[in-house]
Participant: 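Here it is: the structure, laid out below.
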Amino acid sequence: MTRLRKSGLVLLLAIIPLLLGACAAPAAQPDSPARPLQETVGEALAGYTGLVPVELTDLVGLTGLDETMIGDWVYLVSADGLSAEEVIALRCTEENHVPAVKERLEIYLEQRLRETRNYLPDAYACLQQAAVQTEGRLVLLVTGSRAEAWAETILAGE
Amino acid sequence: MALLLLLACLFACPAAAQATDEAVYDSFFDQQVFVGDSITRHLKIYLKEQAAKGISVPEPVFLTAQSYMLYTASRRNLLERHTNILWRGREVPLREAVAEIKPGRVFILLGVNDYAGEDIPKHIGYCERIVDLLATPDTRLYFFSLTPVTRRFSGSGDRRTQWDEYNLALEEMCRRKGAFYIDIATPLKDGEGYLKEEYCSDGLYHLSPAGLRVWLDTLRDYARQQYEQGLWSPEKEALQ
């Protein structure tokens, strides 16, 4: 083999690993962390100020929700205490927790309906339109006159 | 410069002392139970709102439901066609939730959904049943007076007077049964005995933030009196 051929072969052998490396599949990227619910909900509310934050422990006391199933949460109730506006957004730690958490929020919604029937007709009418929704690990209950728009934005952000 | 520092201390020290006192009096209510309807539910929301602003406020456990009635609270068993307390995912009679929480103090404001002033003996009877159901050597009961109502809600039947008479009967019942009565009505009234307009949020009987602030001040005043009379202190309570 001529010296030139040998050199070419050595060069080829040297660059082959480089070529293979360039063609290899990109290294798997870690999952991007989910956007904090506080941000998503804040965006959905678009400056609406009539809601007050409440601790998750309150919801636990009412519904028997298992706190260990919840990784991130937002719980907002109407500041005037009488209208139906509420946002409860719960991101579960695992997707298999979603049915159990959904059930708890449905219990909460049923109680709100019982409380307002024959007492606060406007709130009752709003609550009748509400339903607990899920998207991935998110369980969402939004009630009130702006519920549809708020829920759409929050779910889209998930 | 020294004068400025002195002036700053003169203003800051009383404010700091007041904040400390309030925290002490607030602890009288921390983790105790407040039972009520939409009026008390609104107190809960008001306190959460203050806490969210970083303002120190009492932190009781609330057992409330909009449209909750004195009658329902007085029942031993669940009333299926009534609004009940939701606790840990179940509708429960009040006594069951209180028995599980085991508070040292239970504060109750109920009666407006019953129109309690329209039949005083009947509704005082319900209060007596509540005492019998909930009071133990370790759990004391405190009944709030019914809060005043507006002229509009008072109407031709003069609920203002009925409410006042009911409150007198409630106070007497508390003395007789070993419970405690807390008058939150008087500081909320105008010169004619109606709910002051600025303290009302709906033109009827629900309280505005200003009215809820009066309620909070009345609570703190009550706790202060207990403290100054040597009937309670956080230190004594911690030892129990």
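Sequence lines set the chain letters: A, B, ... in the order given, protein chains first and strands last, and positions in each chain run from 1.
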Participant: Which one of A:V54, A:V52, A:L62 has the most heavy-atom pairs closer than 4.5 Å to chain B?
Facilitator: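 Among the listed options, the one with the most contacts to chain B is A:L62.
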Participant: Hey, which of B:A51, B:A65, B:A52 has the most heavy atom pairs under 4.5 Å with chain A?
Facilitator: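 Option with the greatest count: B:A65.
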Participant: If you check every heavy atom in residues 149-158 of chain A against those of chain B, which residues fall under 4.5 Å?
Facilitator: none
Participant: Could you check A:L141 against A:V87 for side-chain contact (heavy atoms from CB on, under 4.5 Å), going step by step and ending with a plain yes or no?
Facilitator: CA-CA 6 Å; A:L141 175 60; A:V87 176; over 6 Å; no
Participant: Show your reasoning for whether side-chain contact (heavy atoms from CB on, under 4.5 Å) applies to A:L138 and A:V98.
Facilitator: CA-CA 7 Å; A:L138 178 70; A:V98 166; over 6 Å; no
Participant: Excluding sequence neighbours, so at least two apart, what forms side-chain hydrogen bond (donor to acceptor under 3.5 Å, both in side chains) with A:E95?
Facilitator: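 Checked A:E95 against side-chain hydrogen bond (donor to acceptor under 3.5 Å, both in side chains); zero matches.
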Participant: Would you mind checking chain A against chain B for donor-acceptor pairs under 3.5 Å and listing them?
Facilitator:
residue: A:E55; atom: OE1; partner: B:K48; partner atom: NZ; Å: 2.9
residue: A:D58; atom: OD1; partner: B:K48; partner atom: NZ; Å: 3.1
residue: A:D58; atom: OD2; partner: B:K44; partner atom: NZ; Å: 3.0
residue: A:G61; atom: O; partner: B:R88; partner atom: N; Å: 2.6
residue: A:L62; atom: O; partner: B:R88; partner atom: N; Å: 3.3
residue: A:L62; atom: O; partner: B:G89; partner atom: N; Å: 2.8
residue: A:T63; atom: O; partner: B:G89; partner atom: N; Å: 3.4
residue: A:A79; atom: O; partner: B:H42; partner atom: NE2; Å: 3.0
residue: A:D80; atom: O; partner: B:H42; partner atom: NE2; Å: 3.4
residue: A:G81; atom: O; partner: B:R41; partner atom: NH1; Å: 3.2
residue: A:G81; atom: O; partner: B:Q66; partner atom: NE2; Å: 2.7
residue: A:E86; atom: OE2; partner: B:R41; partner atom: NH2; Å: 3.4
residue: A:Q111; atom: NE2; partner: B:N84; partner atom: O; Å: 2.8
residue: A:R112; atom: NH1; partner: B:Q66; partner atom: OE1; Å: 2.9
residue: A:R114; atom: O; partner: B:T83; partner atom: OG1; Å: 3.3
residue: A:R114; atom: NE; partner: B:E91; partner atom: OE1; Å: 3.3
residue: A:E115; atom: O; partner: B:S67; partner atom: OG; Å: 3.0
residue: A:E115; atom: OE2; partner: B:Q66; partner atom: N; Å: 3.1
residue: A:Y119; atom: OH; partner: B:S38; partner atom: OG; Å: 2.6
residue: A:Y119; atom: OH; partner: B:H206; partner atom: NE2; Å: 3.3

Participant: Please determine whether side-chain contact (heavy atoms from CB on, under 4.5 Å) holds for the pair B:F143 and B:L109, giving the CA-CA distance in whole Å, both sets of side-chain angles, and the decisive distance to 0.1 Å.
Facilitator: CA-CA 6 Å; B:F143 284 83; B:L109 174 55; over 6 Å; no
Participant: Counting C-beta onward and ignoring hydrogens, is there a side-chain heavy-atom pair between B:L94 and B:L134 closer than 4.5 Å?
Facilitator: yes
Participant: So, using side-chain hydrogen bond (donor to acceptor under 3.5 Å, both in side chains) as the criterion, who are the partners of A:E148 when residues are at least two apart?
Facilitator: none
Participant: Decide yes or no for A:P99 and A:T134: does some side-chain heavy atom of the first lie under 4.5 Å from some side-chain heavy atom of the second?
Facilitator: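 No, their side chains stay 4.5 Å or more apart.
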Participant: Specify whether B:F107 and B:F28 have parallel, tilted or perpendicular ring planes, treating 30° as the upper limit for parallel and 60° as the lower limit for perpendicular.
Facilitator: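 Rings of B:F107 and B:F28: perpendicular, as their planes differ by over 60°.
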Participant: Given side chains that start at C-beta, do those of B:V61 and B:F34 come closer than 4.5 Å, heavy atoms only?
Facilitator: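 Not touching, per the 4.5 Å side-chain cut-off.
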Participant: Take B:V214 and B:L216 through the side-chain contact (heavy atoms from CB on, under 4.5 Å) test and state the conclusion after the steps.
Facilitator: CA-CA 5 Å; B:V214 169; B:L216 175 58; over 6 Å; no
Participant: Tell me, side chain or backbone of A:L65 under 4.5 Å from chain B's heavy atoms, or both, or neither?
Facilitator: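 No part of it gets close to chain B.
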Participant: Quick one, B:L70 and B:I130 - any side-chain contact, counting heavy atoms below 4.5 Å?
Facilitator: yes
